[in-house]
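To keep things clear, I will list the structure first and then write my remarks on it.
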Amino acid sequence: MSDLTQLTISQARAKLRDKEITATEITEAYLGAIERANPALNAYVAVTGDKARDMAKASDARLVKGEGGALEGIPLGIKDLFGTEGVHTQACSHVLDGFKPRYESTVTSNLWADGAVMLGKLNMDEFAMGSSNETSYYGPVINPWRRSRLDTAVMPTTHQGDGGFVSAGGTRTVRSLDNAQLVPGGSSGGSATAVSAFLCAGATATDTGGSIRQPAAFTGTVGIKPTYGRCSRWGIVAFASSLDQAGPIARDVRDAAILLKSMASVDPKDTTSVDRPVPDYEAVIGKPIKGMKVGIPREYRVDGMPEEIEALWQKGIAWLKDAGAEIVDISLPHTKYALPAYYIVAPAEASSNLARYDGVRYGLRVPGKDIVDMYEKTRAAGFGREVKRRIMIGTYVLSAGYYDAYYLQAQKVRNLIKRDFETVFAAGVDVILTPATPSAAFGIADEDMAADPVKMYLNDIFTVTVNMAGLPGIAVPAGLDAKGLPLGLQLIGRPFDEETLFQTAAVIEQAAGTFQPEKWW
Amino acid sequence: MSVDLQTVKRVAHLARIAVSEEDAERMTGELNAILGFVEQLNEVDVSGVEPMTSVTPMDMKKRSDVVTDGGKAADIVANAPATEENFFLVPKVVE
């Protein structure tokens, strides 16, 4: 095998078990790839080379004895939101400057218990607040995908020697890469870029309003946000506790299934962790979807949506129909209210969760003339613009006199959004198919979005409903747009029915294929 | 509803974030853009609708009231900017 980083998790797992390769070899391959690519892509904010080598060595010892776990020797990247013992954990914020927890999050503990190897911590939007990975204290992550242009090149007529070879000339189509840098989406932009650019075999991520699915769609990778309560939130830096959920980003559907199986667990340390056994998600891949009822919600056809997204959606419908699914039109009437309700609920919970960063117990401290002055200076210096904006909105909507008008109203609307889904599932719909994002990846420092925060928020229009209702959702790559950028479709399932999502996503993947960026870095 | 400069400064103080005059002015515009966007929630009829309190119906998990963790003072203060003998140090609060 020439380049071990090209192996999917399922391929690497087989080769490791058969002793064709070692955990040390594949780990070294990834560490080398990160060293070469990270200056250009900025996916990792900390690389834990020594730890990775130690973990790989221990994996090799277990593999030799035939005692390997489900992810034995598989090198993974970890989003900086996950607490990792003794290792950089800052949610990519300056306010957590120098923070190295003395504990390990439940999700990462589960991965290490299954034998996975940690390569390092991945870049993200500060406190997971953003849709472009541009709010990170460590700078933006660059999408490995670039727009490309189809040019018609005129070939000259050539003669070679006397009566030798003759090229008749004519034209030929050449695809050339544009130099403009694109965002990988956010907040899990480091995770998506690292997976797409072969800088880890798979990555952990988190999703509060679309932070797994939108970057997955922007990078041609697979990302699943499981049902709220499926993965423990213990040890993950909190953003909006009633919406936050961890999940994997992977190169294909099977790898995502393998990772989620290890990440998910029942955890007494998280009271919202649900007491249900974790199924073997991989087992459903390849199962036919004949007779499955797929809902197509009319409210997801939004004004100004590019024609290519609509065409992609129609292609998805056709693939599922060809595979024997029954397509039904459905209505989710409160869809348009999900995003405004989210921008009350999420900032309100964030303002409360982020109150702990006060310069006393961890992270940054900026001295002041008294304790309040110290708090105010520390938080002013430690938080970036977007985080401050959301804390301010949250503080305002929770402040005296406004609680009923904003927060209570939003929580009632949230219940209506959830009921919309319950109604269609009760009517026999098994899974819902929608586009994952309203556009392909956009440019770094997009002026329109910088000028109006709401424009950036609209990126999550198709994904945020799923968080509001607590449902599982998966983004799966389904094609490329005219400029050669990946586009994704989203599947939404019943609570704790991730199996149907993997089963259906595998059908889309089978029809659409998998996508890799052309290497320029 | 919209906010004025004075409200923004008051909210910033409630949130314990120091803001300059320039920050406060910029934030006033940004917050009003967001508040304008969420305004549309008012058109939804929510009469008789309960606010959502949990995503999945489940009972709060309970456990026996016993000590299951502790004795980690050194771990707890390990990341603090200023400590003394396992206490967090802060500027003087009481004269």
Side-chain angles (χ1 to χ4, degrees), chain A residues 98-102 227-229 242 268 271-272 274 334 336-337 340-341 343-344 351 355 358-365 367-368 370-372 374-377 379-380 383 388-389 391-393 395-396 399 402 405-406 408-416 418 452-454 457 469-470 495, chain B residues 1 3 7-8 10-20 23 26-27 29-31 33-58 60-63 68-69 72 74-83 88-93:
Chain A
F99 183 62
K100 289 186 173 144
R102 296 295 183 103
T227 314
Y228 185 81
S242 76
T271 52
T272 60
V274 172
H334 295 91
K336 72 175 264 210
Y337 300 110
Y343 274 97
I344 291 175
S351 74
D358 57 4
V360 174
R361 286 157 295 169
Y362 23 65
L364 186 73
R365 171 183 288 194
D370 56 29
I371 194 164
V372 172
M374 181 204 74
Y375 292 153
E376 293 192 345
K377 284 187 171 142
R379 290 164 65 81
F383 293 133
K388 283 182 194 167
R389 197 179 288 156
I391 292 175
M392 294 280 288
I393 285 285
T395 306
Y396 178 72
S399 65
Y402 295 114
Y406 286 111
L408 209 61
Q409 176 80 7
Q411 288 289 59
K412 286 178 180 172
V413 171
R414 194 174 170 191
N415 225 348
L416 290 173
K418 187 163 167 257
D452 179 0
V454 175
Y457 299 169
Chain B
M1 261 177 276
V3 291
T7 310
V8 168
R10 184 176 60 84
V11 171
H13 182 63
L14 281 174
R16 298 288 184 267
I17 297 173
V19 289
S20 65
D23 289 340
R26 195 194 65 242
M27 279 179 179
E30 290 170 355
L31 297 200
I34 299 167
L35 291 172
F37 174 65
V38 302
E39 196 91 327
Q40 53 183 306
L41 289 180
N42 292 332
E43 66 196 51
V44 185
D45 180 7
V46 292
S47 46
V49 180
E50 288 292 307
M52 187 156 151
T53 47
S54 83
V55 174
T56 32
M58 58 187 275
M60 176 74 146
K61 285 185 196 173
K62 298 178 192 75
R63 63 170 179 85
T68 58
D69 198 2
K72 293 180 178 168
D75 281 344
I76 288 164
V77 299
N79 277 288
T83 59
F88 297 112
L89 286 189
V90 294
K92 200 169 187 181
V93 179

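Just so we're clear, the structure is a prediction, and the values are computed from it rather than from any experiment. Here is how names work: the chains are called A, B, and so on, in the same order as the sequence lines, proteins then strands, and each is numbered from 1.
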Applying a strict 4.5 Å limit to non-hydrogen atoms, the region of A:Pro367 in contact with chain B is neither

Among B:Glu30, B:Lys72, B:Met60, B:Met27, the residue with the most heavy-atom pairs under 4.5 Å to chain A is B:Glu30

When the 4.5 angstrom heavy-atom criterion is applied to A:Met374 and chain B, the contacting part is side chain

- Query: Does the pair A:Asp358 and B:Arg16 meet the rule for a side chain to side chain contact (heavy atoms under 4.5 Å, CB included), with working shown?
  - Reply: CA-CA 9 Å; A:Asp358 57 4; B:Arg16 298 288 184 267; over 6 Å; no

Would B:Val90 and A:Arg365 count as a side chain to side chain contact (heavy atoms under 4.5 Å, CB included) here? Give the steps. CA-CA 10 Å; B:Val90 294; A:Arg365 171 183 288 194; 4.1 Å; yes

Whatever's closer than 4.5 Å to a heavy atom in chain A on B:Phe88 counts as side chain

With chain A, the option among B:Pro91, B:Ser20, B:Ala33 that has the most non-hydrogen atom pairs under 4.5 Å is B:Pro91

In terms of heavy-atom contacts, A:Met392 and B:Ala12 come closest through SD-CA, 3.5 Å

Value for NZ (A:Lys418) from CE (B:Met52), rounded to nearest 0.5 Å, stands at 5.0 Å

Heavy-atom closest pair (B:Pro81 atom, A:Gly363 atom, distance to 0.1 Å) is CG-O, 3.5 Å

If one checks every heavy atom of A:Val454 against chain B at 4.5 Å, the contacting part turns out to be side chain

Comparing A:His334, A:Lys100, A:Lys336 against chain B, the one with the most heavy-atom pairs below 4.5 Å turns out to be A:Lys100

So, the part of A:Ala469 with a heavy atom under 4.5 Å from chain B: the answer is backbone

| query | Is there a side-chain contact between A:Tyr396 and B:Val3 (heavy atoms, below 4.5 Å)? | reply | yes

Sorted by chain and number, sequence neighbours left out, side-chain contact (heavy atoms from CB on, under 4.5 Å) with B:Thr68 holds for B:Arg63, B:Val66

**Request:** Evaluate side chain to side chain contact (heavy atoms under 4.5 Å, CB included) for B:Asn79 paired with A:Arg361, printing each intermediate quantity in order.
**Result:** CA-CA 7 Å; B:Asn79 277 288; A:Arg361 286 157 295 169; over 6 Å; no

So, the part of B:Thr83 with a heavy atom under 4.5 Å from chain A: the answer is neither

Okay, A:Ser351 and chain B: the region with an atom under 4.5 Å from a heavy atom over there is neither

Applying a strict 4.5 Å limit to non-hydrogen atoms, the region of B:Val8 in contact with chain A is both

Sub-4.5 Å side-chain heavy-atom contact between A:Lys412 and B:Val44
no

**OP:** State whether the side chain of A:Asn415 and the backbone N or O of B:Glu50 hold a donor-acceptor pair below 3.5 Å, judged by distance alone.
**Re:** yes

In terms of heavy-atom pairs under 4.5 Å with chain A, the winner among B:Lys61, B:Arg10, B:Lys62 is B:Lys61

On a heavy-atom basis, the closest approach of B:Ala15 and A:Ile391 is CB-CG2, 3.8 Å

d(B:Ile34 CD1, A:Tyr343 OH) to nearest 0.5 Å is 8.0 Å

Margin query: Keeping A:Asp370 on the side-chain end and B:Val93 on the backbone end, is there a donor-acceptor pair under 3.5 Å?
Written below: no

Taken to the nearest 0.5 Å, the spacing of B:Leu31 CG from A:Lys388 NZ works out to 12.5 Å

*Run the side chain to side chain contact (heavy atoms under 4.5 Å, CB included) check on A:Val413 and B:Val49 step by step: do they pass?*
CA-CA 8 Å; A:Val413 171; B:Val49 180; over 6 Å; no

From the list B:Val11, B:Asp45, B:Leu41, the residue making the most non-hydrogen contacts under 4.5 Å with chain A is B:Leu41

Residues at least two apart in sequence or cross-chain that pass side-chain contact (heavy atoms from CB on, under 4.5 Å) with A:Val274, listed by chain then number, are A:Arg276, A:Phe496, B:Thr56, B:Met58

Taking every heavy atom of B:Ala18 against every heavy atom of A:Ala380, the minimum-distance pair comes out as O-CB, 3.3 Å

Value for OH (A:Tyr337) from CG (B:Asn42), rounded to nearest 0.5 Å, stands at 10.0 Å

